[in-house]
Trainee: 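Below: one structure in structure tokens.
Order of the sequence lines sets the chain letters (A, B, ...), proteins ahead of strands, with each chain counted from 1. Note that the coordinates shown come from a computational prediction; the quantities given were computed from them, not determined experimentally.
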Amino acid sequence: MRKVSLIPFAREVIKSSSSQCRSFSSSPSNNKLFVAGLSWSVDEKSLKEAFSSFGEVSEVRIMYDRDSGRSRGFGFVNFSREDEASSAKDAMDGKAFLGRPLKVSFALDKVQREPLTTRHSNRGATFSRSR
DNA sequence: GTTGAGCGTT
């Protein structure tokens with residue numbers, strides 16, 4: 001009669017905290033802001049001027065159309081600090097800019113530039129995409 | 001002279 005303490009389910013529910021990256025934020029991008037709702041006449045300098053008022057803007061990138069060359073109406077703003085980005089987002093999100101409501105939110109980490117390393121034989125047959 | 005939801009190249 002020995003009670004074999006057979007632990008049915010180990011209480012080690014504690015997941016292995018092996019990948020403990022720094023504090024997790026509620027957003028994938030920390031100081032990366034996605035700004036949309038911009039007027040088609042807004043440029044990076046205007047955006048930077050408007051956002052640099054909340055903190056130090058490290059980078060401002062507005063996407064333009066490659067077919068016509070006009071602005072797509074959305075861009076990205078990088079802050080040196082996440083505190084400034086959050087303030088700017090909370091401050092400029094929903095506000096009007098140049099007569100249009102601004103939509104600011106954290107940007108997604110889409111940038112993962114991979115060098116053109118020939119993954120497998122890249123026969124050099126590069127598709128010449130003219131347009 | 002236009003249009004209006006959205007997540008991007010070096």
Trainee: The criterion is side-chain contact (heavy atoms from CB on, under 4.5 Å); which residues satisfy it with A/Arg100, sequence neighbours excluded?
Mentor: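 Testing A/Arg100 for side-chain contact (heavy atoms from CB on, under 4.5 Å), a comparison that skips the adjacent residues, returns none.
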Trainee: Under the rule for side-chain contact (heavy atoms from CB on, under 4.5 Å), what residues qualify as partners of A/Phe54, not counting sequence neighbours?
Mentor: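 Checked A/Phe54 against side-chain contact (heavy atoms from CB on, under 4.5 Å); matches are A/Ala88, A/Ala91, A/Met92.
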Trainee: Distance check needed: B/dC7 C1' versus A/Leu33 CG, whole Å only.
Mentor: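 The answer, rounded to whole Å, is 12 Å.
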Trainee: Between A/Phe34 (CZ) and B/dG6 (P), how many Å, whole number?
Mentor: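 That distance rounds to 9 Å.
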Trainee: With a 4.0 Å cut-off on heavy atoms, is A/Arg66 in touch with a base, just the backbone sugar-phosphate, or nothing at all?
Mentor: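 A/Arg66: no heavy atom of the nucleic acid under 4.0 Å.
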Trainee: Expressed in angstrom and rounded to an integer, what is the separation of A/Met63 atom CE from B/dT10 atom C1'?
Mentor: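 Checked: the CE to C1' distance equals 9 Å.
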Trainee: So do A/Phe97 and A/Leu38 actually touch side chain to side chain, heavy atoms under 4.5 Å?
Mentor: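 When only atoms from C-beta onward are counted, A/Phe97 and A/Leu38 do touch, with a gap below 4.5 Å.
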Trainee: Quick check: on DNA chain B, is the nucleotide nearest A/Arg100 upstream (toward 5') of the one nearest A/Phe76, or the reverse? Name the residue that is more 5'.
Mentor: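 Nearer the 5' end of the strand: A/Arg100.
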Trainee: Could you give the CG-to-P distance, from A/Asp109 to B/dC7, as a whole number of Å?
Mentor: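 Result: 13 Å.
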Trainee: Return the minimal non-hydrogen interatomic distance between A/Asn30 and A/Phe106, and the atom names on each side.
Mentor: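 Between these two residues, the closest heavy atoms are O-CE2, 3.4 Å.
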Trainee: Can you tell me which nucleotide in B/dC7, B/dT9, B/dT2 comes closest to the side chain of A/Arg70?
Mentor: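 The answer is B/dT2.
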Trainee: Please give, in whole Å, the distance from B/dT9 C1' to A/Phe74 CZ?
Mentor: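 That distance rounds to 11 Å.
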Trainee: May I have the distance from A/Asp93 (atom CG) to B/dG6 (atom P), rounded to whole angstrom?
Mentor: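 In whole Å, B/dG6 P and A/Asp93 CG are 14 Å from each other.
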Trainee: Please list, chain by chain and in numerical order, all residues satisfying side-chain contact (heavy atoms from CB on, under 4.5 Å) with A/Asp90, sequence neighbours excluded.
Mentor: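 For A/Asp90 there are no side-chain contact (heavy atoms from CB on, under 4.5 Å) partners, ignoring immediate neighbours.
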Trainee: Taking atom P of B/dC7 as reference, at what distance in whole Å does atom CG of A/Asn31 sit?
Mentor: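 Atom CG in A/Asn31 sits about 20 Å away from atom P in B/dC7.
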Trainee: For residues 41-48 of chain A, which side-chain donor-acceptor pairs fall under 3.5 Å, sequence neighbours excluded?
Mentor:
from	atom 1	to	atom 2	distance (Å)
A/Asp43	OD1	A/Ser46	N	3.2
A/Asp43	OD1	A/Ser46	OG	2.3
A/Asp43	OD2	A/Lys45	NZ	3.0
A/Glu44	OE2	A/Ile62	N	3.2

Trainee: Measure from OH on A/Tyr64 to P on B/dT9 and round the result to the nearest Å.
Mentor: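 Value for this atom pair: 14 Å.
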Trainee: Picking from B/dG6, B/dC7, B/dT9, which would you name as closest to the side chain of A/Arg61?
Mentor: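 Looking only at heavy atoms from C-beta outward on A/Arg61, the closest nucleotide is B/dT9.
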Trainee: At a heavy-atom distance below 4.0 Å, what parts of residues 37-52 of chain A sit against DNA chain B?
Mentor: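 Here the set is A/Gly37, A/Leu38, A/Ser39, A/Trp40.
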Trainee: Using the side-chain contact (heavy atoms from CB on, under 4.5 Å) criterion, which residues pair with A/Ser80? Sequence neighbours excluded.
Mentor: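 Scan of A/Ser80 (side-chain contact (heavy atoms from CB on, under 4.5 Å), adjacent residues dropped) gives A/Glu56, A/Ser58, A/Glu84.
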